[in-house]
Undergrad: 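Before we start, here is the structure in question, set down as structure tokens.
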Amino acid sequence: MPDVLSLRAALLDWYDAHARSLPWRAPPGAKAKTDPYRVWLSEVMLQQTTVPHAAPYFERFTARWPTVGDLAAVEDAELMAAWAGLGYYARARNLLACARAVADEHGGVFPDTEAELLALPGVGAYTAAAVAAIAFDRAANVVDGNVERVMSRLFAVETPLPAARPELRRLAALFVDAHRPGDWAQALMDLGSGVCRPRSPSCDRCPLAFGCEALKTGTPERYPLKTKKAERPRRQGHAYVLIDGAGRVALVRRPDKGLLGGMAGLPTSDWGAAAEFAPPVAGSWRAAGSVEHVFTHFSLTLEVHVAAGEGGDFLWTSAEQAANALPTVFRKALERALGTLSRWERA
DNA sequence: AAACCGTGGTG
DNA sequence: TCACCAAGGTT
């Protein structure tokens, strides 16, 4: 059994020397903690999202909305447009709901306990613990995918995920301490992302190698064990790009719930095993080829169609503004349509 | 509690 | 190529 105290000391020492510098992070041991607003915003953006993908969004958001009060005052559509491309759009809806809850119910100040944080929209067990530890120095058990992987390897846990979650959480709790809880959480995540990686872990650079049970087995990358995932079904659909004389594009606002909820979108058919061509308005529609997109739980082929037209119950938006406000699947379709149009015009 | 919910990088 | 993966939360 690895010695918890030695491992703790080794990882904190390693963090002091090797901590990544990130836009939302205070240096190791810093007396002035990061603004809770910035910690919270970064944690929400980083849910299931890589640092390189989230970082530019974080910079834009904090430049535009420096405080939680500024964010709370933003219009829904403006926030959804700013989130476009980051994915998991429920996060953006909950982000706004959370900012408004902090503004209206907490006097514009983030609560500093895990329980109160957990009650906020879009803040689950992980995010509540992370904000409590990093922004408020609370001894919270911060468990994310990195921590699960590190624990599963340190203790060579043979139970596969997701069944192993409770056990991994108990193991992680063994290390939680009132001494530097925020640094501890971030040290574990830096270790998980840079050293104890899912594939080809760098055990030769690992400060915890001396106590790692998985390393002793000779195949540390076997951990954590996982149960097989179901395969992704394939769906088909049509997307309709209607363009008026001023070069504006007809967009719709998608329903708040469900896939891409609350986002601007192109008019489309239903998506299923097969899709019927039924454009939203009559006109001389021309086929512009297709685009592929992969969502979490299905793959989609979208046949793109273009026509000239105007009026109707649409949000008429300049092509440039549309490209910036649309989720990626529709941005692909729009680019396909515009590229095809310019080829036709040259011919 | 299993299913749903995006995107881009990677080997 | 494509399956896997990333600082999860909600229903």
Side-chain angles (χ1 to χ4, degrees), chain A residues 20 22-25 34 38-58 80 83-95 97-98 117-135 140-150 161-163 165-166 169 172 182 184-194 196-201 221 224-235 254-263 265 271 291-300 326-332:
Chain A
R20 283 180 295 177
L22 298 170
W24 46 83
R25 179 180 280 183
T34 303
R38 295 169 65 87
V39 176
W40 161 75
L41 181 61
S42 67
E43 292 299 343
V44 173
M45 287 184 167
L46 288 165
Q47 289 167 7
Q48 299 292 287
T49 305
T50 59
V51 165
H53 193 190
Y57 285 83
F58 179 84
M80 299 312 285
W83 196 272
L86 245 195
Y88 283 143
Y89 297 98
R91 290 187 294 172
R93 301 193 300 273
N94 286 328
L95 191 81
C98 182
L117 289 162
L118 190 55
L120 294 167
V123 177
Y126 163 75
T127 304
V131 174
I134 298 168
N141 190 17
V142 183
V143 183
D144 70 337
N146 286 308
V147 177
E148 289 179 346
R149 183 170 59 258
V150 171
L161 285 170
R165 292 243 152 83
R169 170 170 290 280
W184 174 253
Q186 295 177 96
L188 270 178
M189 295 195 271
D190 276 17
L191 187 78
S193 103
C196 195
R197 300 179 299 238
R199 288 175 290 202
S200 57
E221 66 280 2
L225 283 67
K226 298 193 175 183
T227 55
K228 293 281 185 198
K229 288 172 189 161
E231 64 179 82
R232 256 195 280 270
R234 182 169 297 281
R235 294 186 192 171
R254 298 175 58 83
D256 278 323
K257 292 185 187 287
L259 189 74
L260 311 175
M263 294 297 290
W271 304 345
V291 295
E292 298 287 334
H293 193 73
V294 179
F295 292 99
T296 308
H297 54 295
F298 66 95
S299 300
L300 177 68
L326 289 170
T328 301
V329 62
F330 294 127
R331 191 176 48 72
K332 286 182 186 174

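To find a chain, count down the sequence lines: A is the first, B the second, and so on, and within it residues start at 1. From a predicted model like this one, the values you see are computed outputs, not experimental measurements.
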Undergrad: Would you list the protein and nucleotides 7-11 of chain B atom pairs, both N or O, that sit under 3.5 Å from each other?
TA:
from: dT7(B); atom 1: OP1; to: Y89(A); atom 2: OH; distance (Å): 2.7
from: dT7(B); atom 1: OP1; to: T328(A); atom 2: N; distance (Å): 2.7
from: dT7(B); atom 1: OP2; to: H293(A); atom 2: NE2; distance (Å): 2.6

Undergrad: Is it true that the side chains of Q186(A) and R25(A) contain a donor and an acceptor less than 3.5 Å apart?
TA: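 Yes - a donor-acceptor pair under 3.5 Å links their side chains.
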Undergrad: Taking only residues two or more places apart in sequence or in another chain, which ones pass side chain to side chain contact (heavy atoms under 4.5 Å, CB included) with A84(A)?
TA: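 Side chain to side chain contact (heavy atoms under 4.5 Å, CB included) list for A84(A), sorted by chain: M263(A).
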Undergrad: On DNA chain C, does the nearest nucleotide to E43(A) precede the nearest nucleotide to G122(A) from the 5' side, or the other way round? Give the residue.
TA: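 Nearest nucleotide further toward 5': that of E43(A).
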Undergrad: Using the test side chain to side chain contact (heavy atoms under 4.5 Å, CB included), find all partners of L225(A) that sit at least two apart in sequence or belong to another chain.
TA: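 Checked L225(A) against side chain to side chain contact (heavy atoms under 4.5 Å, CB included); matches are E158(A), P160(A), R222(A), Y223(A).
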Undergrad: For W24(A), what residues pass the ring-ring contact (aromatic ring centres under 6.0 Å, His included) criterion, not counting sequence neighbours?
TA: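 Here the qualifying residues are F58(A).
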Undergrad: Write down the distance between CZ (F298(A)) and C1' (dC4(B)), rounded to a whole number of angstrom.
TA: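 Rounded to the whole Å, the gap is 10 Å.
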Undergrad: Q47(A) CD to dC4(B) C1': how many Å, rounded?
TA: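 Spelled out: CD on Q47(A) to C1' on dC4(B) is 15 Å.
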Undergrad: Please find the earliest and latest nucleotides of DNA chain C, in the 5' to 3' direction, that have an atom within less than 4.0 Å of any heavy atom of chain A.
TA: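 With heavy atoms of chain A under 4.0 Å away, the range is dC5(C) to dT10(C).
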Undergrad: Which residues satisfy the side chain to side chain contact (heavy atoms under 4.5 Å, CB included) test with A129(A), sequence neighbours excluded?
TA: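 Only E114(A), A140(A), V142(A) meet the side chain to side chain contact (heavy atoms under 4.5 Å, CB included) criterion with A129(A).
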Undergrad: Base, sugar-phosphate alone, or nothing: which one does A125(A) contact when heavy atoms must sit under 4.0 Å apart?
TA: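 Sugar-phosphate, backbone atoms only, no base.
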Undergrad: Of all residues at least two apart in sequence or in a different chain, which pass the side chain to side chain donor-acceptor pair (under 3.5 Å) check with R93(A)?
TA: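 R93(A): no side chain to side chain donor-acceptor pair (under 3.5 Å) contacts found.
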Undergrad: Under the salt bridge (charged side-chain N to carboxylate O under 4.0 Å, His left out) rule, collect the residues that match up with R234(A), sequence neighbours excluded.
TA: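 If we apply the salt bridge (charged side-chain N to carboxylate O under 4.0 Å, His left out) test to R234(A), skipping adjacent residues, the hits are E292(A).
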Undergrad: Partners of P162(A) by side chain to side chain contact (heavy atoms under 4.5 Å, CB included), sequence neighbours excluded?
TA: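 Listed in chain order: R165(A), T227(A).
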